[in-house]
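Values reported hereafter were calculated over all heavy atoms of this structure, with side chains retained and with hydrogens, waters and symmetry mates removed. We name chains A, B, ... by the order of the sequence lines, and we start the count at 1 in each one.
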Amino acid sequence: MTDFLRDLNDVQREAVLATEGPVMVLAGAGSGKTRVITYRIAHLIRNVEVPPNNILALTFTNKAAGEMRHRIDGILRHGSSSSLWVGTFHSVFARLLRSYIHLIGYDRNFSIFDADDSKSLVKQCMQELNLSPDSLPVNLVHSMISKAKNGFVLPPEFHRNAGDYQQQKTALVYEKYVQKLRDNNALDFDDLLIKPIELFSGHPALLEQLQDYFRYLLIDEYQDTNRAQYLVAKMLSEKHHNIFVVGDDAQSIYSWRGADISNMLNFQEDYKDAKLFKLVDNYRSTRTILDAANSVIRNNQRQIKKELVANAGIGEPLTLIEAYNERREAEKVGDYIRQLHLSKGYHYRAFAIFYRTNAQSRVLEDVMRQNRIPYKIFGSVSFYKRKEIKDAVAYLRLVLNDRDGESLLRVINFPPRKIGDVSISKLKEFAEAGGMSLYDAIRRADEGGFQSRLVHALKEFSTLVETLKEKAAAGTAYDVLSLLYDMTSLLSLLQAENTPEALARCENLKELLSMARDFSDHNPLNSSLADFLSTISLASDYDESQDSDNYVSLMTIHAAKGLEFPVVFVTGMEEKLFPLNAYEPAELEEERRLFYVAITRAREKLFLSWAQSRYQFGQPQMCLRSTFINEIDPDIVCTEGGRRLSESPTKVSAKAMAGRPVFGSGPPPVPARPMPVQRPGQPSSSAATPQQKSSLRAGMKVHHAIFGPGVVIEVQGSGSKQKVKIGFRTAGEKTLMVQYANLKIV
DNA sequence: CGTTGATCAATTTTT
DNA sequence: TTGATCAACG
């Protein structure tokens, strides 16, 4: 009966069996965290005989939720996970809110605004409040509001606590923003966590009903919960106290998004009589890799002390790759991959290349392509963020919820139907004056005193939407979408453009259509437009499981959490890149946890690489090796030559050179090793131009690739920001940035 | 009303 | 370097 529990080690089993009361499992990297949580659920169902629908398991990604379901089905008989509540915080609460949100004055067909939508709403609020984005950047306001929401700080409290100018103004925007969301009958991502709290506080009977229903609450990646999530979990578990959380404080890497590691550190105070289990037996990595991880994380103050214990052999030392610049770095990584692939038989899928920032992926990608190494970049532009997809989805949202002004504005002139900014502002005024939503204003366009051409265009638009609404009432998402494509001739318009981009967009739209069809097929009971929209609003590309294709994986370290690879390259190990500008000790600690995550992804081999110089914002910058390298025991790190770091003669101590541009106005510093020979046919980098730059003088005759011949009138500034005003024979006067102008002196 | 060119800014981003 | 945004044109 309890056969499956034999797969667990002692601590894991105890954690699984402690089914009653609060439990926290501190699960180090690779210690079988998912295993514990899935086995516990299986145990609850099989042995404790808890009905599956009384179990709620919350994760952070859809992928993790899917994985969990899959593994539970593997332990129990297939399909037994179907009535379990397993999902992300966001998707589970979105689903609950569809049933109960009318209690707090929303319509059940609320739209879910993604980050772009909410940003544009913030922008709109700021415009209405006459706040210039120069003194108060939209992004800052948006992130302050989001942080406030994640911390469950509502507008009144935010207003009270607002200190400086920015906070005070943000408080005003925040109030307006909340009001506008309501007018749009929309929730942003953060609302999906906050609204349940508001709902439960105002409706204790409902809360109690749910407390009894979700008798067993399990939360994965607890170190990443923010205050709102903490509160909602606390509310749900208040009655029965069966809250089970799993996490690793050392892998908390989302504090900048409001994740609060205190939730984990204070668990035992928050939940009286909480049991604590520590999983430190690692089943993933070699001892050397774990030694490296342990020695790095030891430098953090704020943590629960634990050291991972290896079960695998000692393994090989880490390899430190030092390269002249980021291009060489990428080439070296490519060389190692090819060599390990050819001589040691590693599949391409065994390799992962990590980087701190997305910008670093470009060179790596170039080099992989040149070397014919199959690769895949994770987390580039999401499918759902593509313009054409957002446009099509906006139609669907509007059909479901015609108060959704964001969506309306997206599609009112898509495909183009001659309704421009001017018409839209007139329409807005009309709506404002009549206290209507924009869509109502459109429906009553003939009363607005608009030009008849505009009235006609608006009527046509509302007829389209109304027809789609009728379809939505009876049909599936697929039906609505295909009718939309038909009525707007979307696909043929794109095909007519006949550019590669237009055809790609066309393909994407077809893909969306087939997704809608799949969705209806797989969820015959919940295939309404609302269900489809919820699912895709809360989906991301990170959910894509790695299929069996054989490629090298390129991703940011954030995206790598939860994954593992036999061979890992951590690139860009440089000061100010990794750790990325850490102004406060807490930030440095988070960067260190990120490094810890990177290290612990590796099973067998770990390479760390850095470049002495790297282009940043188009400028080559001198780089210093990351201090994180020094935190690893030098006995377990080798240079490419095979020497232990501990035996290496020189330690770079070039603090004085920090941040200095490689090619400034003065003579270029001598590189530590000879410059690589410029390959023929390769575009020369800016290294070739400094002499020209500094030698430009007024009166010189120059030649420009586009504007042709001209004479220098004036030289402004120096160095990288140098500009030059040139009178061209044919093109007239122009002021150009010297570094990009590519001028030839005649 | 839609296109072009200048200007400016630039982490990480589970949902 | 890229990309996003906005003013000035056609």
Side-chain angles (χ1 to χ4, degrees), chain A residues 58-65 87-94 112-116 118-119 123 133-134 137-139 142-143 146 150 187-193 220-221 223-226 228-229 251-259 326 354-360 362-363 378-379 381-382 384-385 413 416-424 453-454 457 534-543 555-562 572 576-583 587 590-591 593-594 597 614-621 683 685-686 706 720-721 723 734-737 739-740:
Chain A
L58 297 170
T59 64
F60 279 83
T61 63
N62 293 301
K63 187 167 144 195
T88 62
F89 276 90
H90 297 264
S91 68
V92 166
F93 290 125
I112 297 173
F113 278 10
D114 69 14
D116 290 338
S118 34
K119 216 174 270 179
K123 202 165 157 190
D134 298 329
V138 177
N139 281 333
H142 180 248
S143 81
S146 178
N150 286 160
L187 302 189
D188 64 15
F189 283 153
D190 305 322
D191 283 334
L192 294 174
L193 307 174
D220 192 16
E221 307 276 18
Q223 77 281 354
D224 289 332
T225 48
N226 58 38
Q229 287 161 325
Q251 293 186 66
S252 164
I253 55 177
Y254 284 99
S255 72
W256 48 274
R257 272 193 103 265
E326 78 270 35
F354 298 156
Y355 34 83
R356 177 66 241 263
T357 66
N358 277 314
Q360 293 164 250
R362 172 165 286 128
V363 204
F378 286 79
V381 185
S382 159
Y384 304 100
K385 285 204 174 132
N413 203 26
R417 48 175 77 84
K418 307 261 180 209
I419 303 176
D421 289 345
V422 185
S423 311
I424 290 172
R453 208 191 64 221
L454 177 58
S534 275
T535 305
I536 65 174
S537 307
L538 299 176
S540 80
D541 280 4
Y542 287 96
D543 301 333
M555 62 185 84
T556 63
I557 301 164
H558 283 90
K561 196 172 76 163
K576 307 223 158 134
L577 182 60
F578 195 21
L580 190 72
N581 307 313
Y583 302 109
E587 291 176 324
E590 175 134 328
E591 294 289 317
R593 292 193 293 267
L594 196 54
V597 168
R614 178 180 299 273
Y615 273 81
Q616 243 167 17
F617 310 140
Q619 292 297 109
Q621 291 285 131
S685 67
S686 74
I706 293 159
S720 65
K721 285 182 187 142
K723 289 182 194 166
K734 304 262 178 207
T735 303
L736 308 165
M737 295 284 284
Q739 62 169 321
Y740 302 128

What does A/R356 touch in the nucleic acid at a heavy-atom separation under 4.0 angstrom: a base, only the sugar-phosphate, or nothing? base

Contact summary for A/S91 and A/L538, nearest pair of heavy atoms: CA-CD1, 3.5 Å

In whole angstrom, what separates A/Q616's CD from C/dT2's P? 16 Å

Whole-Å distance between B/dT12 C1' and A/K576 NZ? 18 Å

Hey, which sits more toward the 5' end of DNA chain B by its nearest nucleotide, A/V422 or A/L580? A/V422

Grab the CD-P distance between A/E221 and B/dT14 for me, whole Å please. 14 Å

Using a heavy-atom cut-off of under 4.0 Å over every strand shown, decide if A/S423 touches base, sugar-phosphate, or nothing. sugar-phosphate

OP1 or OP2 of B/dT15 sitting under 4.0 Å from any side-chain N/O of A/S537? no

By nearest atom, which of the nucleotides B/dC1, C/dG3, B/dT15 is closest to the A/T88 side chain? B/dT15

Any donor and acceptor pair, going by atom type alone, linking the side chain of A/S255 with main-chain N or O of A/G258 inside 3.5 Å? no

Base, sugar-phosphate alone, or nothing: which one does A/D224 contact when heavy atoms must sit under 4.0 Å apart? base

Would A/K561 and A/D224 pass as an ion pair if we require N to O under 4.0 Å? yes

Let me know the distance between NE2 of A/H90 and C1' of B/dT13, rounded to the nearest Å. 12 Å

The side chain of A/Y254 lies closest to which of these nucleotides: B/dT11, B/dT14, B/dT15? B/dT14

Quick check: closest heavy atoms across A/Y384 and A/I536, and the distance to 0.1 Å? CE2-CB, 3.8 Å

Is there a donor-acceptor contact under 3.5 Å linking the side chains of A/Q619 and A/Q621? no

In whole angstrom, give the distance that lies between atom NZ of A/K119 and atom P of B/dT15. 16 Å

Counting only side-chain heavy atoms from C-beta out, which of B/dT15, B/dT12, B/dG2 sits nearest to A/L538? B/dT15

What's the CD-P distance between A/Q360 and B/dT11, to the nearest Å? 12 Å

Distance, P atom - from B/dT13 to C/dA4, rounded to whole angstrom: 16 Å

Closest to the A/F617 side chain: B/dA10, B/dT15, B/dT11? B/dA10

A/T88 versus A/T61, closest heavy-atom pair with distance: CG2-C, 3.3 Å

Need one value for A/F89: base, sugar-phosphate or nothing, where a base atom within 4.0 Å counts as base even if backbone is also close, heavy atoms only. nothing

With respect to the phosphate group of B/dT15, does any side-chain polar atom (N or O) of A/N62 fall under 4.0 Å of OP1 or OP2? yes

Considering just the side-chain nitrogens and oxygens of A/N581, establish if one lies under 4.0 Å of OP1 or OP2 belonging to B/dT12. no

Please classify B/dT12 as syn or anti, treating any glycosidic angle within 90° of 0 as syn. anti

Rounded interatomic separation in angstrom, taking CD from A/Q229 and P from B/dT14: 14 Å

Hey, are the side chains of A/H558 and A/I253 touching, using non-hydrogen atoms and a 4.5 Å cut-off? yes

With centres under 5.5 Å and planes under 30° as the test, does A/W256 stack with B/dT12? yes

Taking the minimum atom-to-atom distance to the side chain of A/T556, which one of B/dG2, B/dC1, B/dT12 wins? B/dT12

Rounded distance (Å) that lies between atom P of B/dT15 and atom CZ of A/F93: 16 Å

Judged by nearest nucleotide, the residue sitting upstream toward the 5' end of DNA chain B, A/R453 or A/T225, is A/R453

With a 4.0 Å cutoff (strictly under), does any side-chain N or O of A/N358 reach OP1 or OP2 of B/dT13? yes

What's the closest nucleotide to the side chain of A/R362 if the choices are C/dG3, B/dT15, B/dT14? C/dG3

